Trainee: 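Below you will find the structure I want to go over with you.
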Number of protein chains: 2
Amino acid sequence: MLTIGKLGAATGVKVPTIRWYEEVGLLPRAGRSVGGQRLYDEAARRRLAFIRHARELGFGLDAIRDLLSLADRPDQSCAAADAIARAQLAEVEARLARLRALKGELERMVEQCACGTIRDCRVIETLGDHGLCKGEHGGIASPLA
Amino acid sequence: MLTIGKLGAATGVKVPTIRWYEEVGLLPRAGRSVGGQRLYDEAARRRLAFIRHARELGFGLDAIRDLLSLADRPDQSCAAADAIARAQLAEVEARLARLRALKGELERMVEQCACGTIRDCRVIETLGDHGLCKGEHGGIASPLA
DNA sequence: CTTGACCCTCTAGTGACTAGAGCAATTAGG
DNA sequence: CCTAATTGCTCTAGTCACTAGAGGGTCAAG
């Protein structure tokens, strides 16, 4: 049986994060010691490792919840899991495209800067006038890295 | 003189967002009509367009605040603005590298899925066992797209 | 038995907004 | 000139996935 700190160390997840996963239902309510401290078994450790890995791959907690409930039913079709992963891949590809455009625009901006005074600064000027941009760079960047 | 709605339409910024920019000090407190509604002039419009464009390029509000105060002093050196832009570029490049790694891992996962039952699903299996991953994909993805 | 490391709950804060309630002001049409 | 529709106002709360901190309780080693 692991205390929450050992579990965190074993999985690379911070202690408050583990408690928070419990609160939002990603982890089942942990059993407690006599004094009321959480205790975890190997199954909990595997479940948390799964969550952590999925987070590293950028899945949101809702998607992870779905993936976990799928993982608990080994006889069902894998199609749903596949769909979730494909959606995540599409999301990542979209963000990649956007970031590449951003990078190009920033590079252009920085390269043109002669580093004189603000008056002649291409960085400031470009920011002030969208028309100086070559390509579109769409709307405001969305969260979820 | 523009009302807040016209200003929003002219710059592509939503009305509550404009009010929020005022609240956090990116925009000066707007003058008001007799009835208390905000009114904006051309200078405000340019300032908001600057903010919007910088947001599109992924700058955070703190960086934008700095850029704006630089833009207001045309005689000063452009070095600080250049540094902010370079930092943003570095940030974008780091996120690009991370996203590329993520994309690779997701592609591998999805490609290996034979779409049978969950029991044999590579997606679920890979998520459960980080050892099946080829490369590192670092920590949890950070926000700020 | 004490010390220090760990654990508990609870609240609040992050970034950059977005949504909604409940009401006031403006504007276009008749 | 009146009315109805639109737009505006403030304020609160919610989003995502945590993180930080206060103020205490528990546990294992020495």
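These numbers come from a predicted model, not from an experiment. The chains referred to below are lettered A, B, ... by the order of the sequence lines, with proteins before strands, and numbering in each begins at 1. What's counted below: heavy atoms across the whole structure, side chains too, no hydrogens, waters or symmetry copies.
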Trainee: Could you report the tightest heavy-atom contact between B/Leu132 and B/Arg108, atom names first, then the distance?
Mentor: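 Between these two residues, the closest heavy atoms are O-NH2, 2.7 Å.
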Trainee: Going by the rule side-chain contact (heavy atoms from CB on, under 4.5 Å), which residues pair with A/Ala80 if we only count those two or more places apart in sequence or in a different chain?
Mentor: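 Partners of A/Ala80 under the side-chain contact (heavy atoms from CB on, under 4.5 Å) test: A/Leu70.
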Trainee: Not counting sequence neighbours, list each pair that qualifies as a ring pair (Phe, Tyr, Trp, His ring centres under 6.0 Å) and has a residue in residues 52-105 of chain B.
Mentor: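 Counting only pairs at least two positions apart or across chains, the ring pair (Phe, Tyr, Trp, His ring centres under 6.0 Å) contacts touching residues 52-105 of chain B are A/His130-B/His53, A/His137-B/His53.
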Trainee: Just jot down the side chain to side chain donor-acceptor pair (under 3.5 Å) partners of B/Gln112, sequence neighbours excluded, or say none.
Mentor: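 Scan of B/Gln112 (side chain to side chain donor-acceptor pair (under 3.5 Å), adjacent residues dropped) gives B/Arg122.
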Trainee: Under 4.0 Å from OP1 or OP2 of C/dC17: is there any side-chain N or O of B/Tyr21 that close?
Mentor: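 Yes.
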Trainee: Taking only residues two or more places apart in sequence, or in another chain, which ones meet A/Arg119 in a side chain to side chain donor-acceptor pair (under 3.5 Å)?
Mentor: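 Expected list: B/Asp75.
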Trainee: With a 4.0 Å heavy-atom cut-off, tell me which residues in residues 64-71 of chain A come close to DNA chain C, sorted by residue number.
Mentor: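 The answer is none.
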Trainee: Which residues within residues 30-39 of chain A lie with some heavy atom under 4.0 Å of an atom in DNA chain C?
Mentor: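 Contacts with DNA chain C under 4.0 Å: A/Arg32, A/Gly36, A/Gln37, A/Arg38.
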Trainee: Can you name the atoms? Protein N/O to nucleotides 21-23 of chain D N/O, anything below 3.5 Å, with the distance.
Mentor:
none

Trainee: Check side chain to side chain donor-acceptor pair (under 3.5 Å) between A/Asp62 and all other residues, then give those that pass, not counting sequence neighbours.
Mentor: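 Scan of A/Asp62 (side chain to side chain donor-acceptor pair (under 3.5 Å), adjacent residues dropped) gives A/Arg65.
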Trainee: Below 4.0 angstrom, which residues in residues 4-17 of chain B have at least one non-hydrogen atom near DNA chain C?
Mentor: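 Residues of residues 4-17 of chain B under 4.0 Å from DNA chain C: B/Lys14, B/Thr17.
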Trainee: With sequence neighbours excluded, give me every side-chain hydrogen bond (donor to acceptor under 3.5 Å, both in side chains) pair touching residues 7-21 of chain B.
Mentor: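 The answer is none; no pair qualifies.
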Trainee: Sequence neighbours left out, what passes side chain to side chain donor-acceptor pair (under 3.5 Å) with B/Arg29? Give chain and number order.
Mentor: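 B/Glu22.
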Trainee: For B/Asp120, give me all partners under side-chain contact (heavy atoms from CB on, under 4.5 Å), at least two apart in sequence or on another chain.
Mentor: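 With sequence neighbours excluded, B/Asp120 shows a side-chain contact (heavy atoms from CB on, under 4.5 Å) to B/Thr117, given in chain and number order.
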